[in-house]
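The block underneath contains the structure these notes are about, expressed in C-alpha cells.
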Amino acid sequence: MSEGTMQRAVKRDLGAPPTPFGQWGNDRRDQREQRARGLRRAVVCAAAVPVMLIAAGCSSDSGSGDKAADDSGTKSSASPSSASPSPTVQAAAYKSIPDACKVLGKKTLEDLAPKAKSGKKGSSDDASTRGSCSWSSLDNNGVKGSQFRWLNVSLLRFESDVTRGSGEELAQAYYETQVQDAKSVSGAKSLKSEPVAGVGDQATAVRYDLKKKEGSFKQETVVARVENVVVTLDYNGAGLAGEKTPSADTLNKLAQKAVKEVVAAVAEANDGGSAGTPSSAPSKSASKSPSGSASKAASSSPSKSAAKKS
C-alpha cells in the first residue's frame, strides 16, 4: 500500500471529514455565528421582558388608582344624603286631659244648669285624648212655663307627629274648624262672633238664635285652645210653655265664665302645663293621636249636636 493510500485510510479512521478541511472549518464558523446570533436575540428578548412587565404594572396601577379615585368620589358624593338629619317636631305640651264631668265647680254648675242632678259622660275610646260631659236642666214653674238649659263641655287633645306636625299646630287647625262649624248651623239667626280675651291661647264666642217647635232658643258656643288642647263649650237656653226667653248677654257671660274654669282645669291636670321641648320622634301615644281622627270629631262637633239637642 502506498504512503498516500495509508494517510487517507488513517484520516477516515480518525473521523476526518470527507470534504476539504477549509470547507469544514467554514461550516463550523457559520454554526458558531448562528448560535451567537441566537444568543443575542435571547438576551435582547430577556431584557425586554422586565420592561414590558414594568410598563404593564404601571398601566395596571394607574387604572386602579383612577378607579379608587372614582369610588372615593362616588362615596363622597353619596355621603351627604346618608348624613341628613332626622326630622324633628315640637313635643306636645299637655299629656292628658281632666275628666270632663269634673272641670266645673258646683257654684258654676248651679248658675248654668240649676236643676241638673249630675253630668252625663260622653263615650270615648281614649280618655287621655278626648272626653265630654253634658248637663240638662228643666226648671218647671207649672202653668207659668219652664226654663230649660243645656250645657256640654268637650275636650280634645292632640299629640305631636313628625308626619302631621306638632300638637299645637293640629289643635290650631281643629280650633278653627270648630269656630267655623259654630257659625254654620242651619237656621241660625242674629249670629254674632267675637274673640274672648284672657282664655287660653285663643278663644272665640259665637251666639245666635234658633227657632224650634218647643220655643225660641238662645245658643252660646265658646271655643278655646290652650296649647295642644281644644275646649268647646255649648250652652243654650229657652223659655218653654209661656216662660220668657233668657237674655243672650246673660248666657254669654255664664258661658265665658265656665270656659275659663275648663281651661284652668286642663292646665291643672298637667301640673300647670309645662312647655314642650324639641323631640326627634313622636311620643308613644302618637299612634293613638286624635290628629288622625280630628275629621271625625269635627263632623260630629258639639256645636252641631247642640243645635240638635236644643
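Start at 1 with the first residue, then count along the sequence. Note that these values count all heavy atoms, side chains included, but never hydrogens, waters or copies made by symmetry.
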On a heavy-atom basis, the closest approach of Val226 and Gly200 is CB-CA, 4.2 Å

Hits for salt bridge (charged side-chain N to carboxylate O under 4.0 Å, His left out) against Lys107, two or more places apart or cross-chain, chain-then-number order -> Asp111

query = Are the charged groups of Asp139 and Lys144 less than 4.0 angstrom apart, N to O?
reply = no

Can you classify the ring geometry of Phe217 versus Phe148 as parallel (below 30°), tilted (30 to 60°) or perpendicular (above 60°)?
perpendicular

Salt bridge Glu168-Arg225, side-chain N to carboxylate O under 4.0 Å
yes

Rounding to 0.5 Å, atoms CG (Leu156) and CD1 (Ile97) come to a distance of 7.5 Å

Hits for side-chain hydrogen bond (donor to acceptor under 3.5 Å, both in side chains) against Glu176, two or more places apart or cross-chain, chain-then-number order -> Gln172

(Q) With a 3.5 Å distance limit and no angle check, can you tell me whether Asn228 reaches the backbone of Glu159 through a side-chain donor-acceptor pair? (A) no

> Would Val206 and Thr204 satisfy side chain to side chain contact (heavy atoms under 4.5 Å, CB included), going step by step from the backbone distance to the final call?
Replying inline: CA-CA 7 Å; Val206 179; Thr204 301; 4.2 Å; yes

All heavy atoms of Ser186 vs all of Leu210, minimum pair found to be O-CD1, 3.7 Å

Task: Basic-acidic side-chain contact under 4.0 Å: Lys218, Glu220 - done: no

Side chain to side chain contact (heavy atoms under 4.5 Å, CB included) between Leu104 and Glu261: does it pass, once the steps are laid out? CA-CA 6 Å; Leu104 295 175; Glu261 285 191 26; 3.9 Å; yes

Heavy atoms of Leu170 and Gly165 approach each other most closely as CD1-O, 4.1 Å

Rounding to 0.5 Å, atoms CG (Asn141) and CG (Leu240) come to a distance of 10.5 Å

field: Tyr94 side chain to Val229 backbone, donor-acceptor under 3.5 Å
entry: no

So CG of Leu233 and CG of Leu155: to nearest 0.5 Å the spacing works out to 10.0 Å

Quiz item: Side chains of Arg149 and Leu112: does their closest heavy-atom pair fall under 4.5 Å?
Solution: no

Just checking Lys257: does its NZ atom have more than 12 heavy atoms from other residues, nucleotides or ligands closer to it than 6.0 angstrom?
yes

When rounded to the nearest 0.5 Å, the distance separating CD of Glu110 from NZ of Lys115 is 10.5 Å

Would Arg130 and Asp125 pass as an ion pair if we require N to O under 4.0 Å?
yes

message: Using modelled atom types and a 3.5 Å cut-off, is there a donor and acceptor pairing between side-chain atoms of Ser166 and backbone atoms of Ser160?
response: no

On a heavy-atom basis, the closest approach of Val162 and Pro87 is CG1-O, 4.3 Å

**Message:** Would you say that Tyr235 contacts Val222 through its side chain, given a criterion of any heavy-atom pair below 4.5 Å between the two side chains?
**Reply:** no

For Trp135 and Ala113, the nearest pair of non-hydrogen atoms, with its separation, is CB-CB, 4.2 Å

